[in-house]
Protein chains: 2
Amino acid sequence: MTGMTTARTSLPEAARHLSLRERKKLKTRIAIRNATYELIEEQGYDATTVEQIADRAEVSPSTVFRYFPTKEDIVLTDEYDPLAEELLRARPEDESLLDSMRFIIRQSMSMAIADAPTFAEREMKLRLRLMTEIPAVRSRVMESMSVTSRLMCRAIAERTGRHENDLEVRVYTMGLMGALLEAAIYWTEHDYQGDLLDLLDRALATFKDLPKR
Amino acid sequence: MTGMTTARTSLPEAARHLSLRERKKLKTRIAIRNATYELIEEQGYDATTVEQIADRAEVSPSTVFRYFPTKEDIVLTDEYDPLAEELLRARPEDESLLDSMRFIIRQSMSMAIADAPTFAEREMKLRLRLMTEIPAVRSRVMESMSVTSRLMCRAIAERTGRHENDLEVRVYTMGLMGALLEAAIYWTEHDYQGDLLDLLDRALATFKDLPKR
DNA sequence: CATCTTTTGAGAGTTACTCTCATTTCATGG
DNA sequence: CCATGAAATGAGAGTAACTCTCAAAAGATG
């Protein structure tokens with residue numbers, strides 16, 4: 001009972017009230033992800049095998065796959081997606097949709113940074129780099145984009161008084177997601193020059209607001 | 001020297017003037033694709049292995065991978081993409097971008113149908129179904145969407161007097177592609193009800209034209 | 001027909017992922 | 001604190017998509 005088990009990772013404050021089991025799960029989850037990031041920075045994505053990841057995270061390969069369905073998911077899954085939906089829903093009714101989007105982007109980015117100051121930025125850049133360089137990762141991102149898009153559909157539907165399965169709503173939302181993604185890629189390809197938030201704003205500006213009803 | 005070798009496939013007229021080597025390559029390419037479609041319709045996507053595909057196409061598995069980098073690509077690659085770029089470039093300068101898009105969509109769809117009447121529709125529907133049902137295929141589609149998007153960027157840049165790497169151009173183009181894809185998915189999820197072209201039109205209509213300069 | 005080049009097949013190897021089952025680890029009520 | 005049940009883990013075997021290499025076959029060329 002020395003500090004051995006805590007050596008792996010320290011948990012965020014929010015995890016205090018979870019059961020021992022849940023806390024352990026969170027820990028291995030984080031351990032796997034950290035191990036992955038480390039290895040990728042050392043050797044690159046392709047050279048990093050799941051076995052190596054398991055080794056460094058001190059779990060078995062089986063466990064890695066139990067936590068993450070695919071290798072790409074280890075790098076890509078984040079916890080902020082469902083948050084975005086809530087945030088959007090919390091915005092005032094009369095605010096324009098694009099303004100709301102702008103707001104929640106700033107919001108969620110600053111939350112991520114508050115969670116883990118230096119880490120968040122490095123992680124985001126690595127993710128974006130992998131996204132542009134590794135086809136498997138990129139296509140996985142694209143897919144998750146369409147999932148996120150569906151999530152946002154619900155919130156946007158409420159906003160505009162349309163149905164969430166309305167063709168226009170879905171097209172519009174997908175367009176928004178694509179725009180944001182493209183802006184992020186643009187930023188990455190230009191060596192992270194300038195302010196990402198500005199680029200995202202410009203990306204949003206190419207859209208007109210989706211009319212109500 | 002009976003008709004044996006031609007039993008595999010018959011080539012389109014356009015292939016008449018190719019060398020024997022090129023004609024053979026085209027044939028195996030088509031043979032592989034047809035075998036794949038057949039097997040998938042019989043057994044489903046996941047149950048169909050590359051080995052089976054190779055068997056039915058009467059080539060070795062190595063050859064399959066020589067022609068198509070991944071299993072998904074067998075289903076997805078089509079030859080109409082670069083065509084779209086040309087078509088767009090051929091449209092009159094003063095036509096609105098969205099109108100041009102509408103035009104070339106109709107154009108390329110009718111070309112595909114003229115190429116292979118009954119086949120084209122079945123193939124398209126199967127592809128769309130796989131796209132919505134099989135994650136690997138969907139994400140591959142998404143990726144190829146961003147490739148197509150880049151192609152269109154060039155044409156759209158010319159049109160609007162912007163640079164092809166302009167952020168707005170890229171965002172806008174990506175949005176267009178996403179919109180079209182989403183409309184196609186929508187059509188598929190609603191059991192191919194109604195006219196796909198109408199849906200695509202509606203999807204395009206959610207965009208405003210990208211202003212010049 | 002001989003030679004050179006391209007394409008193919010065969011086979012071995014890697015790795016992401018799946019399934020199963022025995023073992024360990026936590027939760028719970030007495 | 002312990003007995004019992006539930007959940008998480010590890011070990012191992014299996015599958016299938018790819019990759020690489022090399023020798024044989026087939027088309028191009030003079």
Charged N to carboxylate O below 4.0 Å: is that the case for E85(A) and R89(A)? yes
Whole-Å gap separating [atom2] ([N]) and [atom1] ([X]):
X: I32(B); N: dC18(D); atom1: CD1; atom2: P; result: 14 Å
X: L26(A); N: dA8(D); atom1: CG; atom2: P; result: 13 Å
X: L39(B); N: dA16(D); atom1: CG; atom2: C1'; result: 15 Å
X: D55(B); N: dT8(C); atom1: CG; atom2: C1'; result: 16 Å
X: E51(A); N: dT14(C); atom1: CD; atom2: P; result: 12 Å
X: R23(B); N: dT7(C); atom1: CZ; atom2: P; result: 15 Å
X: K25(B); N: dG27(D); atom1: NZ; atom2: P; result: 13 Å
X: I134(B); N: dA16(D); atom1: CD1; atom2: P; result: 15 Å

Decide yes or no on side chain to side chain contact (heavy atoms under 4.5 Å, CB included) for L197(A) and M109(A), but give the supporting numbers first. CA-CA 9 Å; L197(A) 283 174; M109(A) 275 183 73; 3.7 Å; yes
Beyond-backbone contact of T77(B) with R33(B), side-chain heavy atoms, under 4.5 angstrom: yes
A side-chain contact here means heavy atoms from C-beta on lying under 4.5 Å apart; do M152(B) and I104(B) qualify? yes
Given side chain to side chain contact (heavy atoms under 4.5 Å, CB included), test M142(A) with R140(B) step by step and report yes or no. CA-CA 9 Å; M142(A) 294 270 169; R140(B) 187 68 189 67; over 6 Å; no
Quick one: ring pair (Phe, Tyr, Trp, His ring centres under 6.0 Å) pairs with a partner in residues 167-192 of chain B, sequence neighbours left out? Y172(B)-F207(B), Y186(B)-H190(B), W187(B)-Y192(B)
Strand-adjacent residues in residues 60-73 of chain A, judged by heavy atoms under 4.0 Å from DNA chain D: S60(A), S62(A), T63(A), R66(A), Y67(A)
At what distance, to the nearest 0.5 angstrom, does CG of N34(A) lie from NZ of K27(A)? 13.0 Å
Just jot down the side chain to side chain donor-acceptor pair (under 3.5 Å) partners of R106(A), sequence neighbours excluded, or say none. D201(A)
Checking K125(B) now: which residues fulfil side chain to side chain donor-acceptor pair (under 3.5 Å) with it, not counting sequence neighbours? E121(B)
Give the residues of residues 42-50 of chain A touching DNA chain C, defined as any heavy atom closer than 4.0 Å, sorted by residue number. T48(A), T49(A), V50(A)
For a side chain to side chain contact (heavy atoms under 4.5 Å, CB included) check, start with the C-alpha distance between I105(B) and L204(B), then their side-chain angles and the critical distance, and finish with the verdict. CA-CA 11 Å; I105(B) 287 168; L204(B) 289 180; 4.0 Å; yes
Under the criterion side-chain contact (heavy atoms from CB on, under 4.5 Å), which of M101(A), Q107(A), R159(A) is the partner of R91(A)? R159(A)
Close N or O pairs between protein and nucleotides 25-29 of chain C (under 3.5 Å):
| from | atom 1 | to | atom 2 | distance (Å) |
| --- | --- | --- | --- | --- |
| dT25(C) | O2 | R21(A) | NH2 | 3.3 |
| dC26(C) | OP1 | K24(A) | NZ | 2.6 |
| dC26(C) | O2 | R21(A) | NH2 | 2.7 |
| dA27(C) | OP1 | L20(A) | N | 3.3 |
| dA27(C) | OP1 | R21(A) | N | 3.3 |

